[in-house]
A.B. asks: 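Submitted below is the structure of interest, expressed as C-alpha cells.
Chain naming here is simple, since letters A, B, ... match the order of the sequence lines and numbering starts at 1 in each.
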Amino acid sequence: MACRDSLSIGPRWRWLDVTLRIVAAVPMGYAVASLWAMALARMLPGARSEATVTGTLVAFALCAFAAMYAFAARSGVRAFFVLLTLGAIAGCITWTSISAGGRL
Amino acid sequence: MIWIAFFCTLAAFLFLGLSTAQHYQRRFGTRPRADRQRLLRLIAWLLLASSLVSAFAARGPVFGPVIWIGLVIFAAASSFLFLNFIAPSKERKS
Amino acid sequence: MNKGFRQSQSTLHTWSGLLLGWVLFLVFLCGTIAFWREGLNRYMRPELARVEQPMTVLAGAQAFLQTKAPDAKSWSITMPNTRIPGSQVFWQPQPKEGEEPTRGRRGRGDTRALIGEDGQVVEARETRGGEFFYRFHFDLYYMPVIWARWLVGAAAMMMLVAILSGIVTHKKIFRDFFTLRRQKGQRSWLDGHNASAVLALPFHLMITYTGLVTLMAMLMPWAILANYTDRDKLSDALFPSSAEVERAGQPTPLVKLTSLVLDAERRLGVPAGFIQVSEPGDASARVTVNAASSATLSSRTASVTYNGTNGALVWQSPPSGPAATTSGVMIGLHAGRFADITLRWIYFLCGAAGTLMVASGLVLWTVKRREKLPDPSRPHLGFHIVERLNVAVIGGFPFAIACMFWANRLLPVAMKDRADWEVHTLFIGWGLALVFVLVRRPALSWVALLGATGVLLAALPFYNLLRFNQNLLTPLRTGDLLPAGVDISLLIIAAAFVAVARRVASYKTGQAKRRSRRHADPQTGLMLEPAE
C-alpha cells in the first residue's frame, strides 16, 4: 500500500489511512456525486427535464473521479475532508435552490 | 466507400506496429532509424485520417464515427495478432 | 505523473477489479452473448421457420387479437422481421372496477402469444432463448431484481474505476501497444490482459459508462428528486405520447393495421418496430406506430399516432432535447440494436475481448501472488478463495451455459415449466462444477471444466444435424443461414476451449515434471526457474 506521504506513516495508522480512503471513495464518493447531480439539475439553465438528465449523466463520471482522487490524495484525512467540502458546497447550492422554490 | 475505410485503418495500424523497434527488427532484420520510424507513423496517421473521412462519407455524420471506431478496434486487434502470431518467413524457415 | 500517483492508482485498479470481478465476468459474458439474442431466440426454437412476409404476420396478429381479446384495454404487437422468430403480441385486459390500470406491463403468460410466419399462433418448445442472457446480465437470477441491479450497478461502477485507473497506471500505453512477451509467466499474462483491454478500449469505456446510464433512474435518482415531486411529469417530458383517451363504449371496427404501418413507415422514413393499439374495437381507438430501434442510434424512437377507426393522423412525436437525445444515444450504443451484421460481429468480438480482459485480470492476480507465496503448497486463505473462485466462475459458468444449450435440445417439449427448467439445468451444472472445484486441485479442475465445455459445445451441431433431419446443404436451400451460422460459431468456440484446456494441461505437466526433477536432485542444489 503506497500512497505518497502515507509511506512514512507507521503500520497502525496505515489501517486508518486506508479505511478513510475507502470511506472517502465509496459512500462519500457516491454522496458527493449525487449532491452535484442535484446541484446541476437545479442550476443548469433550460428545460427542467434536460437539466435533470444532464446532472444524472455527469454524476457517474464524478463518482469514478472521486474514487480515483480518494486513493491519489496525499493522505486519507485530506481525501476525506476535501470530498466532505465538495459535498457540502453542492449541498448548500441545492438547499438554497430548493428553498428559493421553482422547478419542483 | 466503407471498404476504403476498412483497408485504410488496417494499413494504418500495420504501419504503426511496424514503426515500433521490436516488430520492425523482427520483419526487416535491422533496428529502424528514427526518421524511418517517423515516416511510418506519419503515413499511418494520414491513412487513419482518410479512413475517418471515408467512414463519414459512407455512413453519414451519426453512424460514420461509430463504424469508424469499430473499424479502428478491429484493425488494432488484427494488426496486434498478425504481428505477434504470424512469424515472418525467415523465422518460419529456421 | 509521478510514481506515487501511479502506484496509488495501481492499487485501486487491483482492488476495484478484484472485489466484484466474478460478477463482472458473468455480466460481460452474458451481455456479449446477448448481442445475438434474437438469433438465439430462433436457434433455440428450431421448429420455427424464418419470417419471410412481415405483413402476413401482422395481419395474422390482428386477426388473432380480434378473436382472443376484442375488448382489451390495449394491444401491443412487435413488428416481425427476418431476424426474430415471429411477432410477439400481448394484450392488457380492461381493468376491473376500482382497480388501477398498470402502466407499461409486459404481459404475463396468459396475455401473451407468438405469431409465426404463417400468421398463426406458434406451437414451439417453451424456452427463454436468447432473452435469458439479456435479462441475466442485469437481473441475475434467483433474487429480487432490485438487489441484482444494485449489485450489477456497483460492479459496473467498480469496472469504470478499474478502467480509468488502469489507463492511468499503464506506463507505456502507446509504446507497448503491440507488445506481447510470450512464455514469460507473469509478464505474458500482463501483456495479454493489457492487450485485451487496450485494443478495444473505446468499446470497454463506452459499454461500462452506458451500462450505468441504462440503470440511471435507479442508481442516481437524486437529480430527479431535486427537480420533481411527480416522477410522471419527467416520463412525459422524456417519453412523450399522444393524450390518453376515455373509452367511448361504441363498438367500431378497427382499420387494417397493415395499411397504417405502411403509412407510418413512409412518414417516419424508417421501418416500424412496435405497434400499440389502445381501446381496440371502440370508437376512441388509437394506434401508435413506433420506429424500429434498429433504425436509429438513439433508443428513443420516433412514433406517430392514428385514429383507429378512420386512419387519420392524430399526433407525431416531437424531437427531443440534447440531454434526452444524449442519454437515448448512450442507451442505444449499449444495446447495439442499430448494428447491422458486420458491426454486430465487432460488438461481439469486443465483448469477448472484455470478457477475456476480466478473466485474465482475475487469473493475473493469482499468478502474481503465487510467486510471492512463502510456501506455494499452503497459500493464505485469500489466495485460496480467489484461486478457487476463478476456476468455479471462469471455468464453471461457460460449462453451465453449455449444459443449458443441451437442456434446450433434450428436455421434453411438453414438459411443464420447460423454460424455467432449462435455466435450472444451467445452475445445476454450475453447482456440480462448484463441487468439483472444491474437492479437486485447481490444476485439474481448470482442464476438466474447459475441456468438458469444449466437448459439449462441439457435440451440439452434430446433434442438430442428426435430430432435425438436415444435411449440410439445407441452409443453402432455404436461404436461412442463421442456425448454420450459430452451429459453426459454436464449433469454433468449442475448439478454442479445447485448445486452452490442452495448453493448461501440458503446462501443468511440465511444471509437475520440473517439480519432481527438483525433488530428485536436492544435492545438486539446482534452482530451476520457478515458472509461475
Side-chain angles (χ1 to χ4, degrees), chain A residues 1-7 18 21-22 25-26 29-44 46-76 79 90-91 93-95 97-98 102-104, chain C residues 1-13 15-16 19 153-154 156-165 167-168 208-213 215-217 219-231 233-240 320-328 330:
Chain A
M1 188 71 206
C3 306
R4 310 215 252 196
D5 287 9
S6 314
L7 278 167
V18 173
R21 287 182 195 271
I22 295 175
V26 187
Y30 179 77
V32 168
S34 307
L35 286 167
W36 276 102
M38 295 172 89
L40 285 170
R42 301 252 5 136
M43 298 309 294
L44 283 175
R48 187 163 52 145
S49 61
E50 289 286 290
T52 310
V53 172
T54 309
T56 312
L57 288 176
V58 167
F60 294 116
L62 295 179
C63 193
F65 292 143
M68 289 172 81
Y69 171 71
F71 281 83
R74 265 197 276 265
S75 72
I93 297 176
T94 310
W95 191 68
S97 170
I98 292 183
R103 270 199 170 156
L104 213 58
Chain C
M1 188 113 28
N2 64 52
K3 191 168 177 293
F5 174 66
R6 213 177 239 127
Q7 182 62 55
S8 72
Q9 298 302 294
S10 169
T11 312
L12 176 62
H13 175 84
W15 287 104
S16 180
L19 288 175
M157 178 51 80
M158 292 178 80
M159 169 103 260
L160 182 63
V161 171
I163 293 178
L164 293 173
S165 57
I167 295 172
V168 161
T208 311
Y209 204 91
T210 56
L212 286 165
V213 170
L215 293 173
M216 67 179 173
L219 297 175
M220 191 62 63
W222 310 105
I224 304 173
L225 284 173
N227 268 352
Y228 291 88
T229 41
D230 179 13
R231 265 208 185 203
K233 293 230 172 57
L234 178 62
S235 299
D236 291 339
L238 292 177
F239 308 105
S320 42
T325 309
T326 307
S327 68
M330 283 186 162

A.B. asks: Checking A:Ala66 now: which residues fulfil side-chain contact (heavy atoms from CB on, under 4.5 Å) with it, not counting sequence neighbours?
C.D. replies: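 side-chain contact (heavy atoms from CB on, under 4.5 Å) check on A:Ala66 returns A:Leu83.
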A.B. asks: Using heavy-atom distances under 4.5 Å, tell me whether A:Ala61 contacts chain C through its side chain, its backbone, both, or neither.
C.D. replies: both
A.B. asks: For C:Met157, is it the side chain, the backbone, both, or neither that has a heavy atom closer than 4.5 Å to a heavy atom of chain A?
C.D. replies: side chain
A.B. asks: Looking at C:Ser165, is its backbone amide N or carbonyl O close enough to the side chain of C:Gln9 to form a donor-acceptor pair, meaning the two atoms are under 3.5 Å apart?
C.D. replies: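 Here the side-chain-to-backbone pair does not exist.
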A.B. asks: With a 4.5 angstrom heavy-atom cut-off, could you sort out which part of C:Leu164 is near chain A: side chain, backbone, both or neither?
C.D. replies: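 Contact with chain A is through both the backbone and side chain of C:Leu164.
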A.B. asks: What part of C:Met330 gets closer than 4.5 Å to chain A, counting heavy atoms only: side chain, backbone, both or neither?
C.D. replies: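 Contact with chain A is through the side chain of C:Met330 alone.
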A.B. asks: With respect to chain A, which residue among C:His13, C:Met158, C:Met216 yields the maximal number of heavy-atom pairs within a distance under 4.5 Å?
C.D. replies: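 Ranked by heavy-atom pairs under 4.5 Å with chain A, first place is C:Met216.
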A.B. asks: Less than 4.5 Å apart, any side-chain heavy atom of A:Ile93 and any of A:Arg42?
C.D. replies: no
A.B. asks: What part of C:Pro322 gets within 4.5 angstrom of chain A, counting heavy atoms only: side chain, backbone, both, or neither?
C.D. replies: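 Both backbone and side chain.
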A.B. asks: If I measure from the heavy atoms of chain A, does C:Leu212 come under 4.5 Å with its side chain, its backbone, both, or neither?
C.D. replies: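 For C:Leu212, the contact with chain A is made by backbone and side chain together.
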A.B. asks: Step by step, work out the side chain to side chain contact (heavy atoms under 4.5 Å, CB included) result for C:Ile224 and C:Arg231.
C.D. replies: CA-CA 7 Å; C:Ile224 304 173; C:Arg231 265 208 185 203; 4.1 Å; yes
A.B. asks: Among all residues two or more places apart in sequence or in another chain, which pass the side-chain hydrogen bond (donor to acceptor under 3.5 Å, both in side chains) test with C:Ser320?
C.D. replies: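 With neighbours one apart ignored, the set is C:Thr325.
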A.B. asks: Is A:Arg48 reaching over with its side chain to a backbone N or O of C:Tyr228, donor-acceptor style, under 3.5 angstrom?
C.D. replies: no
